[in-house]
Amino acid sequence: MDAFAAQFLDLEVMQRYLPDIIDGLWVTIALALLVIVTGLVLGLALAVIRAFQIRVINLAIVGFVDVFRALPPLVILVIFYFALPIIGLTWSGFVCAWVALSLVLASFAEEIYWAGITSVHKGQWEASRSTGLSFVETLFYVVLPQAVRLTIPPLTNRTIAITKNTALASVIAVQEMLTVAQTSLAYAANTSPLTMAAIGYLLIFLPLVILSRWIERKFAWKH
Amino acid sequence: MSNGNVVEVVDLHKSFGDLEVLKGVNVTVAPQELVFVIGPSGSGKSTMLRCCNLLEQPTSGSVLIHGQDITVAGVDINRIRTHIGMVFQSFNLYPHMTAIGNVALALRKVKKMQRGEAEDRAHQALRRVGLDEKALSHPNELSGGQQQRVAIARAIAMEPDVILFDEPTSALDPELVGSVLAVMHSLRDDGMTMVVVSHEMRFAQDAADRVLFMDEGEIVERGTPDEIFKNTQHARTREFLARVTDH
């Protein structure tokens, strides 16, 4: 037990690397928020575009979504970081991670929103259209508010699962929390910085999990 | 131009794939008339009704609203639909909105009324169906009969020229049917033009100006309620009436 404490809970090491870990924590939080907002907005936009049922565009959306759901996020991250410079695009590791994870979240989110849109009863469309609302008005005022509510539980789960992948950005030299922890670990020859990172992740994601549960309850309604 | 009819259905055909559901239907609905459509399930009566506001696109034939053919290209169907109310078998209220929100939505978004004006009008419509005290209830807090009356309020708030009723009481528990029929009856008494597809034969007897009997995509017989219910000329009508009134 003492050996464990010395290796994982060395207070002196923790104190020394705390400022660095906190810097990393902010990077992780910034990346996570950017990915959540970009991914969810882009996913919703794609689902709305898909609702117009334009064949060519829908094929493109489904193709994009399937590819980004199939590839491991780590592979996408690495490809963006190492392959894009070859075609003249040099993005920082942070931007690569932001774009890559946002596209992954957007792909899953699009599928979830789309499932929500299609599960709204046909009678809702008909009732709205019969009073003179257009297709677009019906989509925005009648269908989407119901679809989004239906999708909240799967969407929050998926959002958390993908946002945790910000830790993958450590392989492309983004100074997020895990990268900082690993660097500190190497310097200190002690794994206590990793313990701090774990606590840091709990600080970020536990509130997110609790928030998602609250949102699910708030927006649930009985049929 | 118009010969005064609110709705005129001319030689209407509708096929779903190989299945011909409507085989040349002709119907006219005069102002303030209540036309009641009966017939076995699958006879095409709901499809005929849904063609009147183009929820179904006819395969051929035309539908005239106040003399204007709405099946031709270039018609602003959203504008036409504001003149044609519809009430559905399954109510189709918007579950994320209150009763008054349901009634006011099209007033605000289509008729472009300010919130206050739309809500005044919506309250009026809810009073008309006897449910103004439920204005702030959500559909899940209302009984089936109340939901259907809110749906009727949603239709009448637009002040349409005609309301189409597609089996408005078929999804209701028997004890809730009466309240919906009472509202429909009072609309009729106020001179609302109505086309009603339903199995409520007693209501038809009381309230209908004309009854159409449809079977296999055609109108087999038409006449006053007495002519159809008491003195039918057709074996198919007689068989149908015997089946639905036997129990």
Side-chain angles (χ1 to χ4, degrees), chain A residues 40-41 43-45 47-48 51-55 109 112-156 212-223, chain B residues 46 49-50 52-56 76-98 101-112 118 122 125 138-142 147-148 150-160 162-166 171:
Chain A
L40 292 183
V41 169
L44 183 60
V48 166
F52 286 85
Q53 305 277 25
I54 302 163
R55 220 184 134 77
I112 294 170
Y113 288 127
W114 179 246
I117 289 172
T118 55
S119 69
V120 172
H121 194 267
K122 178 166 142 279
Q124 294 288 313
W125 286 95
E126 292 183 345
S128 172
R129 296 304 306 273
S130 78
T131 58
L133 270 80
S134 67
F135 175 86
V136 175
E137 288 167 336
T138 300
L139 183 62
F140 280 95
Y141 299 125
V142 174
V143 176
L144 278 182
Q146 299 181 51
V148 168
R149 249 171 255 220
L150 290 168
T151 56
I152 282 171
L155 203 56
T156 50
S212 76
R213 192 163 287 155
W214 178 80
I215 293 173
E216 281 167 31
R217 256 206 312 271
K218 181 162 191 312
F219 286 98
W221 82 85
K222 297 151 280 171
H223 268 289
Chain B
S46 281
L49 199 69
R50 291 161 56 82
C52 292
N53 65 353
L54 296 197
L55 284 185
E56 299 292 352
D76 181 357
I77 189 60
N78 295 328
R79 198 184 57 77
I80 301 282
R81 281 176 178 150
T82 63
H83 300 290
I84 312 171
M86 189 159 202
V87 174
F88 299 84
Q89 179 175 358
S90 50
F91 328 136
N92 298 347
L93 293 184
Y94 316 130
H96 59 299
M97 295 182 189
T98 58
N102 270 271
V103 179
L105 180 69
L107 297 175
R108 296 189 61 201
K109 302 305 175 191
V110 182
K111 297 225 172 193
K112 309 289 180 200
H138 279 81
N140 62 29
E141 298 160 335
L142 302 173
Q147 288 188 54
Q148 191 61 298
V150 172
I152 293 173
R154 177 169 66 185
I156 61 177
M158 297 294 284
E159 298 182 337
V162 57
I163 302 182
L164 313 171
F165 290 84
D166 189 5

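So that the names make sense, note that chain A is the first sequence line, chain B the second, and so on, each numbered from 1. Computed from a predicted structure; not experimentally measured. Below, all heavy atoms of this structure are taken into account, side chains as well, without hydrogens, waters or symmetry copies.
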Item to check | ring-ring contact (aromatic ring centres under 6.0 Å, His included) against A:Phe135, all qualifying residues, sequence neighbours excluded | outcome: A:Phe52, A:Trp125
Item to check | Atom pair CG/OG of B:Leu54 and A:Ser130 - distance to nearest 0.5 Å | outcome: 12.0 Å
Checklist entry - To the nearest 0.5 Å, how far apart are CG in B:Asn102 and OG in A:Ser128? => result 10.5 Å
Where is the tightest heavy-atom contact between [X] and [Y], given as atom of each residue plus distance?
X        : Y        : result
A:Glu126 : B:Leu55  : CB-CD1, 4.0 Å
B:Asn78  : A:Arg129 : OD1-NH2, 3.2 Å
B:Lys109 : A:Glu137 : O-OE2, 3.7 Å
A:Ala127 : B:Arg154 : CB-NH2, 3.4 Å

Checklist entry - Hey, which of B:Asn53, B:Val110, B:Leu107 has the most heavy atom pairs under 4.5 Å with chain A? => result B:Val110
Item to check | Heavy-atom check, side chain of B:Leu105 versus side chain of A:Leu133, under 4.5 Å | outcome: yes
Checklist entry - Is the shortest heavy-atom distance from the side chain of B:Met97 to the side chain of A:Pro145 under 4.5 Å? => result no
Item to check | Contacting moiety of A:Gln124, where chain B heavy atoms sit under 4.5 Å | outcome: both
Could you list the donor-acceptor pairs under 3.5 angstrom formed between side-chain atoms of residues 83-92 of chain B and any protein atom two or more places apart in sequence or on another chain?
| unit_1 | atom_1 | unit_2 | atom_2 | d |
| --- | --- | --- | --- | --- |
| B:Ser90 | OG | B:Asn92 | OD1 | 2.9 |
| B:Asn92 | ND2 | A:Gly123 | O | 3.1 |

Checklist outcome for this item: If one checks every heavy atom of B:Leu93 against chain A at 4.5 Å, the contacting part turns out to be backbone
Checklist entry - Of the backbone (N, CA, C, O) and the side chain (C-beta and beyond), which part of B:Arg79 lies under 4.5 Å from a heavy atom of chain A, both, or neither? => result neither
